Student: 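The structure follows.
Please read all numbers here as calculations on a predicted model, not as lab measurements. Along the sequence shown, residues carry numbers from 1.
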Amino acid sequence: MNRLAHRRTKIAALGAALLITAGAAGTALASGDGVPRGEPREAAALTGTAKLYRPAGDDITFTFDAHLAAKDTMDPEKAYGTFRFKHVFPDGTSGWAEGRVDCLVTGGKVAVVTGIITDTDQDNKGKRVGISVHDQGKNDRLGYSWIGRDVAKQTLPKCMSSAPFEKTRAGSGDFEVLPWQPVYEQAAPKR
């Protein structure tokens, strides 16, 4: 066997060994999404923590752990999880709230989550709020439903919020949006 043929045989054997090793080590993982093989990935998710950009000195932090299970793909109102936000004003006073997720819809890298405030130091306990996030890597954007003149009188339906009009502060964290992939039944062909 000449040198070139010998080298090709060694490279092929090494490649086969690497494939076998990778296959044995990676049987539990799917292709890059971290979901075990044979199990569907969750239908949608919004996770992470970041601070809003406020040059006046306000410190505003939002945290999400919102999910929609694969089995509930076509029912975003079965989403579950939590959200939290805290606003510390430049004078040191603050307000905070945390809540239970009751809807999550994502499209591409944009998410809208709503939920009921379960604990707060404000007077909005039991109220539904909506928050939107645009996951742009390190330059995420965020919007929320409590804007406008008559916020105290507003009743917000599930799955609704404003456009993500706020910017996040560079280096303060990151939001991750897992895009929703609804499954539509195909209509029977017309005869």
Student: Which atom names give the shortest non-hydrogen contact between Thr120 and Ala97, and what distance separates them?
Tutor: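 So the minimum-distance heavy-atom pair works out to OG1-CB, 3.7 Å.
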
Student: To the closest 0.5 Å, what do you measure between CD1 (Ile117) and CZ (Arg100)?
Tutor: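 The CZ atom of Arg100 is 11.5 Å from CD1 of Ile117, to the nearest 0.5 Å.
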
Student: Tell me yes or no: between the side chains of Lys86 and Thr61, is some donor less than 3.5 Å from an acceptor?
Tutor: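 Note: Lys86 and Thr61 side chains miss the donor-acceptor criterion.
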
Student: Compute the ring centroids of His87 and Phe89, then answer whether they are less than 6.0 Å apart.
Tutor: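 Between Phe89 and His87, which both carry aromatic rings, the centre distance is below 6.0 Å.
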
Student: Answer yes or no: is there a side-chain heavy-atom contact under 4.5 Å between Phe64 and Thr49?
Tutor: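 They are not in side-chain contact.
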
Student: Do Val101 and Thr114 make a side-chain contact, defined as non-hydrogen atoms from C-beta onward lying under 4.5 Å apart?
Tutor: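 A side-chain contact is absent here, since even the closest heavy-atom pair is not under 4.5 Å.
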
Student: If you take all heavy atoms of Ala79 and Cys103, which pair is closest and at what distance?
Tutor: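 Scanning both residues completely, I find the closest heavy atoms to be CB-C, 3.9 Å.
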
Student: Please list all pairs passing the ring pair (Phe, Tyr, Trp, His ring centres under 6.0 Å) test where one or both residues lie in residues 149-171, with sequence neighbours left out.
Tutor: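 For residues 149-171, and leaving out neighbouring residues, the ring pair (Phe, Tyr, Trp, His ring centres under 6.0 Å) pairs sorted by first residue read Tyr144-Phe165.
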
Student: Is the side chain of Asp135 donor-acceptor paired with the backbone N or O of Val177 at a distance under 3.5 Å, no angle test?
Tutor: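 Checked: pair present.
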
Student: Between atom CG of Asp174 and atom NZ of Lys138, what is the distance when rounded to the nearest 0.5 Å?
Tutor: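 So the CG of Asp174 and the NZ of Lys138 are separated by 4.5 Å.
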
Student: side-chain contact (heavy atoms from CB on, under 4.5 Å), that's the test. Do Arg141 and Gln136 meet it? Break it down for me.
Tutor: CA-CA 7 Å; Arg141 298 185 71 89; Gln136 300 184 109; 3.3 Å; yes

Student: How close do Gln122 and Ser94 get, counting heavy atoms only, and between which atoms?
Tutor: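 Smallest heavy-atom distance, with atoms named: NE2-O, 4.0 Å.
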
Student: Rounded to the nearest 0.5 Å, how far apart are CD1 of Ile116 and NZ of Lys127?
Tutor: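 So the gap between those two atoms works out to 10.0 Å.
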
Student: What is the distance from atom OG of Ser145 to atom CD of Gln154, rounded to the nearest 0.5 Å?
Tutor: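 So the OG of Ser145 and the CD of Gln154 are separated by 7.0 Å.
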
Student: Between Thr106 and Trp180 (side chain of the first, backbone of the second, donor and acceptor by atom type, cut-off under 3.5 Å), is there such a pair?
Tutor: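 Such a contact is found between Thr106 side chain and Trp180 backbone.
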
Student: Do Arg128 and Lys158 come close enough that some side-chain heavy atom pair is under 4.5 Å?
Tutor: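 Yes, side chains in contact.
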
Student: Mind listing the closest non-hydrogen atom pair of Ala66 and Val113 along with its distance?
Tutor: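 Minimum heavy-atom contact is CB-CG2, 4.1 Å.
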
Student: Walk me through whether Leu46 and Glu176 qualify under side-chain contact (heavy atoms from CB on, under 4.5 Å).
Tutor: CA-CA 6 Å; Leu46 170 59; Glu176 298 277 335; over 6 Å; no

Student: Please report the interatomic distance CG(Leu52) to CD(Glu166), rounded to the nearest 0.5 Å.
Tutor: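 Separation between the atoms: 5.0 Å.
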
Student: Quick check on the hydrophobic clustering: are Ile147 and Leu142 connected, directly or via other members, by side-chain heavy-atom contacts under 4.5 Å?
Tutor: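 Yes, Ile147 connects to Leu142 through the hydrophobic network.
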
Student: Quick one: which residue pairs count as a ring pair (Phe, Tyr, Trp, His ring centres under 6.0 Å) with a foot in residues 90-140, not counting sequence neighbours?
Tutor: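 Non-adjacent pairs meeting ring pair (Phe, Tyr, Trp, His ring centres under 6.0 Å): zero.
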
Student: According to side chain to side chain donor-acceptor pair (under 3.5 Å), does anything in residues 75-85 pair up with another residue at least two apart or in another chain? List the pairs.
Tutor: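 Sorted result for residues 75-85: Arg84-Glu98.
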
Student: Nearest 0.5 angstrom please: Asp102 CG to Cys159 SG, how far?
Tutor: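 Reported to 0.5 Å precision, the distance equals 7.0 Å.
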
Student: So which atom in Ala69 and which in Ala43 form the shortest heavy-atom distance, rounded to 0.1 Å?
Tutor: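 Heavy-atom minimum between the residues: O-CB, 3.6 Å.
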
Student: So, the side chain of Asp58 versus the backbone of Ile60: is there a donor-acceptor pair under 3.5 Å, distance only?
Tutor: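 No, the answer is negative, given that no donor and acceptor are paired below the 3.5 Å cut-off.
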
Student: Less than 4.5 Å apart, side chain to side chain, heavy atoms only: is that true for Glu42 and Leu68?
Tutor: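 Sidechains of Leu68 and Glu42: no contact.
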
Student: Please tell me whether Phe83 and Phe62 form a close aromatic pair, meaning their ring centres lie under 6.0 Å apart.
Tutor: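 No, the ring centres sit 6.0 Å or more apart.
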
Student: Has the side chain of Arg169 got a donor or acceptor atom that lies under 3.5 Å from a matching backbone atom of Lys51?
Tutor: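 Not confirmed, Arg169 side chain does not pair with Lys51 backbone.
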
Student: Please determine whether the number of non-hydrogen atoms from other residues, nucleotides or ligands lying under 6.0 Å from atom CG of Asp123 exceeds 12.
Tutor: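 No, the 6.0 Å shell around CG holds no more than 12 heavy atoms from other groups.
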
Student: If you compare all heavy atoms of Gly173 against all heavy atoms of Ala50, which two are closest, and at what distance to 0.1 Å?
Tutor: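 So the minimum-distance heavy-atom pair works out to C-CB, 3.9 Å.
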
Student: Any donor-acceptor pair under 3.5 Å linking the side chain of Ser161 with the backbone of Gly130?
Tutor: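 Such a contact is found between Ser161 side chain and Gly130 backbone.
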
Student: Carefully, step by step, assess Tyr53 and Thr168 under the rule side-chain contact (heavy atoms from CB on, under 4.5 Å).
Tutor: CA-CA 5 Å; Tyr53 171 72; Thr168 57; over 6 Å; no

